[in-house]
Visitor: 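First the structure, then my questions, so here it is.
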Amino acid sequence: MNDNLLEIKNLSIEYVTEDGRFKAVNDLNLKIRVGETLGFVGETGAGKTTTALGIMRLVPNPPGRIVQGEIIFEGENLLEKNIKEMTSTRGNKISMIFQDPMTSLNPIMTVGKQIEEVIKLHQDIPKNEITIRAEKMLETVGIRKERFNDFPHQFSGGMKQRVVIAMALACNPKLIIADEPTTALDVTIQAQVLELMKELKEKFNTSILLITHDLGVVAEICDYVAIMYAGSAIEYANIERLFNNPLHPYTVGLFNSIPSLDEDVDKLTVISGTPPDPSHLPMGCRFHPRCPHVMEKCKENFPQAIEVEEGHFVSCFLYNKETVKEE
Amino acid sequence: MSDVLMEVKNLKKYFNTKQGMLHAVDDVSFKIFKGETLGLVGESGCGKSTTGRAILRLHEPTSGEVYFNSENILNYNKTQMKAMRKKLQIVFQDPYSSLNPRLSVYDLIADSLYVNKDVVSKNEIGEQISYVMDLVGLEKRLVNSFPHELDGGRRQRIGIARALILNPEFIVLDEPVSALDVSIQAQVLNLLDELQNELGLTYMFVAHNLSVVKHISDRIAVMYLGKIVELTDYKNIFADPLHPYTQALLSAIPIPKYGLERKRIVLEGDVPSPINPPPGCVFYGRCRERMDICKEVSPKLDVKKENHFVACHLYNGIDQN
């Protein structure tokens with residue numbers, strides 16, 4: 001049996017503007033299994049959020065355009081669905097948690113009503129049951145149901161993010177896309193929200209695509225990790241392999257850039273240069289201008305993903321056996 | 001104590017709001033030694049940025065004393081203060097909103113000189129600008145660029161150059177890397193470190209990211225709701241945190257390592273409002289170790305071990321040496 005809940009094949013998304021074509025996602029391949037949490041890591045402009053919007057079919061068009069690829073969810077290609085089918089998928093089978101809880105809630109509607117709205121839209125159940133279910137959702141995320149009729153501004157940041165999580169979970173989705181769900185929160189509040197998400201994912205066996213730039217958060221909650229650079233996944237593995245044996249020079253550089261809490265380092269080893277401009281992506285491997293191990297080959301050709309050890313994929317010529325023979 | 005550059009005593013900064021007095025900084029005292037970096041950490045709203053601004057009189061403190069080279073700068077008049085500001089500089093968090101979008105890199109950096117009436121000749125300005133641009137690692141060709149053409153890391157370098165051109169002795173770095181990506185963040189942290197060694201600068205580094213603060217600081221002060229709850233050197237804070245809040249804060253940081261077994265202290269609830277805070281310890285409501293005395297008496301920041309200041313009644317039995 002195929003246990004992939006979501007499979008992305010050769011996905012490319014671009015934004016066409018007056019200044020040119022910005023290739024946000026380039027030939028991306030990815031999969032998420034049932035009940036699995038995939039960490040989607042990368043820096044600003046790596047195409048993380050665009051991919052998420054692509055899965056939801058929410059890439060603003062114009063200027064955005066899905067150029068090619070397939071997004072297979074539960075065996076069906078989401079890109080072939082019509083608007084009506086998509087509407088019944090969003091919020092129901094796939095739901096999204098956005099980064100900033102302050103702006104993703106309606107400020108003039110009580111939180112209870114906002115949760116009810118999601119359920120009403122997708123489930124055919126009587127009104128009083130909707131309310132009961134919405135109240136239960138609030139309690140699931142640790143908010144007393146007496147606060148059902150409070151407005152978002154009466155909640156703190158962490159509590160608002162809980163409300164957003166309650167909304168995302170309300171219809172018992174198969175997949176949750178969480179876009180930097182704890183970035184706007186303080187550490188102690190982040191710890192609360194992460195504990196909650198861990199608990200909920202075990203309870204409901206929901207798959208999560210967790211978009212983040214914080215490798216600490218990934219270590220905390222994810223099963224697998226995909227490292228994004230300039231619109232493609234350059235390394236993919238389970239967290240044990242990725243954290244203990246990072247292979248791609250960018251991944252290694254990323255780990256070295258984080259100041260460590262338990263070791264004293266005088267000087268951080270940095271990745272030189274800056275992430276590439278998506279309107280002028282370098283030829284060949286997109287990381288080559290910043291790569292300490294750059295070879296001639298890297299400037300011309302884009303390295304395909306290679307399975308270096310079981311389930312550990314990396315897109316880098318350093319690990320290409322043929323290259324090693326040639327050199 | 002000749003090597004104390006700055007001493008802050010009983011600094012308070014209250015804001016008058018509709019709901020009442022907001023105690024942003026509530027009776028804070030500390031010293032900063034020459035050439036060191038003092039890290040100031042805490043969560044949003046704990047008063048760390050306000051402290052950074054109040055000691056530079058960018059917010060006029062409500063009460064307290066701020067000694068810089070043994071002189072209380074709070075007694076300075078406008079002219080004296082203006083001259084003093086050259087020595088006391090600040091770099092702001094967001095390189096996207098702290099730079100005037102209509103000024104070129106040249107004008108942005110020269111602005112510091114104009115404002116402080118340090119203008120000599122045009123040639124000299126040009127020389128000074130190219131000197132600081134070199135210092136902070138900005139390529140010369142960018143001198144006529146505008147902020148929107150540059151990435152976050154380069155913009156933050158402009159912010160640093162603006163501070164450096166006045167030859168300051170002390171710089172408040174207010175979350176200078178939190179708006180930057182990790183790879184760029186590391187570049188800027190290294191730059192700040194190099195500049196400190198080269199120019200003998202003293203920093204106060206305000207940030208919420210503990211691993212960044214640990215990397216750059218010599219001593220670290222932890223703030224909670226307007227008060228410093230613990231102050232010691234950077235190793236102690238991580239090896240031997242004494243205050244229950246510091247312990248919880250440290251255990252909450254996600255560490256990018258696989259299979260780390262850690263005991264996490266998850267704090268209940270949120271930071272209470274700083275408006276008309278109740279008497280007693282500010283951390284009382286969320287503390288796991290609270291006692292009756294904590295509700296009544298606010299603990300003082302005292303030496304409990306060598307060079308280790310804590311404000312907590314748990315350590316009342318331990319006498320300062």
Side-chain angles (χ1 to χ4, degrees), chain A residues 41-46 142 155-159 182 184-192 194-196 212-221 225 238-245 250 253-275 277 290, chain B residues 41-46 150-154 177-191 193-194 197 208-216 224 234-235 237-239 245 248-260 262 264-273 286:
Chain A
V41 180
E43 299 183 276
T44 316
F155 291 86
S156 64
M159 296 278 261
T182 59
L185 308 175
D186 278 318
V187 247
T188 59
I189 308 299
Q190 166 171 293
Q192 293 173 358
L194 288 178
E195 289 295 320
L196 173 72
T212 181
H213 64 272
D214 187 340
L215 283 164
V217 172
V218 171
E220 194 79 29
I221 190 169
V225 194
N238 69 21
I239 62 162
E240 184 184 350
R241 292 211 169 99
L242 193 107
F243 278 75
N244 292 342
N245 184 24
Y250 175 68
L254 211 53
F255 276 108
N256 288 337
S257 300
I258 309 169
S260 157
L261 274 178
D262 42 12
E263 286 158 52
D264 269 345
V265 191
D266 269 351
K267 216 172 152 110
L268 297 168
T269 331
V270 299
I271 308 173
S272 62
T274 52
D277 173 356
R290 304 175 76 188
Chain B
V41 286
E43 300 181 272
S44 33
C46 73
L150 307 176
D151 57 85
R154 290 214 175 86
V177 296
S178 44
L180 307 175
D181 274 321
V182 247
S183 70
I184 309 300
Q185 173 179 306
Q187 295 173 2
V188 174
L189 286 176
N190 279 350
L191 170 71
D193 206 29
E194 284 161 25
N197 293 337
H208 68 279
N209 185 330
L210 271 152
S211 51
V212 168
V213 172
K214 184 215 161 205
H215 177 75
I216 197 149
Y224 186 79
Y234 74 95
K235 278 186 184 147
I237 273 270
F238 291 91
Y245 175 66
L249 191 65
L250 291 177
S251 82
I253 313 170
I255 293 181
K257 286 219 168 97
Y258 173 72
L260 216 57
R262 286 204 301 164
R264 165 163 287 172
I265 308 163
V266 178
L267 288 178
E268 306 259 314
D270 275 308
V271 185
S273 159
R286 300 172 83 191

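The figures that follow rest on heavy atoms only: side chains count, while hydrogens, waters and symmetry mates do not. Throughout, protein chains are lettered first and strands after them, A, B, ... in sequence-line order, and every chain is numbered starting at 1.
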Visitor: Is it the case that the side chain of A:Arg290 and the backbone of A:Gly273 share a donor-acceptor pair, with hydrogens and angles ignored and the cut-off at 3.5 Å?
Guide: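 Side chain of A:Arg290 to backbone of A:Gly273, a donor-acceptor pair under 3.5 Å: yes, one is there.
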Visitor: Contact part of A:Tyr250 toward chain B, heavy-atom cut-off under 4.5 Å: side chain, backbone, both or neither?
Guide: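 Neither part.
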Visitor: Determine whether a donor-acceptor pair (N or O, by modelled atom type, separation under 3.5 Å) exists between the side chain of A:Thr182 and the backbone of A:Gln190.
Guide: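 Answer holds: no.
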Visitor: Would you say A:Asn238's side chain and A:Arg241's backbone share a donor-acceptor pair under 3.5 angstrom?
Guide: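 Yes, the answer is positive, given that a donor and an acceptor are paired below the 3.5 Å cut-off.
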Visitor: Which residue out of B:Ala186, B:Gly152, B:Gly45, B:Ala248 racks up the most heavy-atom pairs below 4.5 Å with chain A?
Guide: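 Looking at each option in turn, the highest pair count goes to B:Ala186.
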Visitor: Can you see which heavy atom on A:Phe255 is nearest to which on A:Leu215, and at what distance?
Guide: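 Nearest heavy atoms, A:Phe255 then A:Leu215: CE2-CD1, 3.8 Å.
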Visitor: Given heavy-atom pairs under 4.5 angstrom as the criterion, report whether the side chain, backbone, both or neither of A:Gln192 touches chain B.
Guide: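 Contact with chain B: backbone and side chain both.
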Visitor: Pick one of side chain, backbone, both or neither for A:Ile189, based on which atoms fall under 4.5 Å of a heavy atom in chain B.
Guide: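 Contact with chain B is through both the backbone and side chain of A:Ile189.
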Visitor: With chain B as the partner, which of A:Gly157, A:Pro259, A:Ser260 has the greatest number of non-hydrogen pairs under 4.5 Å?
Guide: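 The answer is A:Pro259.
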Visitor: Checking heavy atoms, do the side chain of A:Glu240, its backbone, both or neither come under 4.5 Å from chain B?
Guide: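 Its backbone and side chain both get close to chain B.
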Visitor: Distance-only, no hydrogens or angles: does the A:Glu43 side chain make a donor-acceptor pair with backbone N or O of A:Pro275 under 3.5 Å?
Guide: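 The answer is no, because no donor-acceptor pair under 3.5 Å joins these two groups.
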Visitor: With only heavy atoms counted, which part of B:Leu189 is less than 4.5 Å from chain A, the side chain, the backbone, both or neither?
Guide: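 It is the side chain, since no backbone atom gets that close.
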Visitor: For A:Val218, which atoms come within 4.5 Å of any heavy atom of chain B: side chain, backbone, both, or neither?
Guide: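 Nothing of A:Val218, per the 4.5 Å heavy-atom cut-off to chain B.
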Visitor: Please look at B:Lys257 and chain A and tell me whether the side chain, the backbone, both or neither of the residue comes under 4.5 angstrom of a heavy atom of that chain.
Guide: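 For B:Lys257, heavy atoms of backbone and side chain both lie under 4.5 Å from chain A.
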Visitor: Check B:Lys214 against B:Phe238 and note the closest heavy-atom contact, atom names and distance.
Guide: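 Closest pair (atom of B:Lys214, atom of B:Phe238, distance): CG-CE1, 3.2 Å.
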Visitor: Look at the side chain of B:Asp151 and the backbone N and O of B:Gly153, then say whether any donor-acceptor pair between them is shorter than 3.5 Å.
Guide: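 Checking the backbone N and O of B:Gly153 against the side chain of B:Asp151, a donor-acceptor pair under 3.5 Å is found.
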Visitor: Does B:Asn190 use its side chain to pair, donor to acceptor, with the backbone of A:Lys267 at less than 3.5 Å?
Guide: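 Not at all, since once roles are kept as given, no pair shorter than 3.5 Å links the two residues.
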Visitor: With respect to chain A, which residue among B:Gln187, B:Lys235, B:Gln185 yields the maximal number of heavy-atom pairs within a distance under 4.5 Å?
Guide: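 Ranked by contacts with chain A, first place is B:Gln187.
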Visitor: Would you mind checking which part of A:Glu220 comes under 4.5 Å of any heavy atom in chain B, side chain (CB onward), backbone (N, CA, C, O), both or neither?
Guide: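 Interface part for A:Glu220: side chain.
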Visitor: Check each atom of B:Val212 against the heavy atoms of chain A and say whether the ones under 4.5 Å are side chain, backbone, both or neither.
Guide: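 Contact with chain A: backbone and side chain both.
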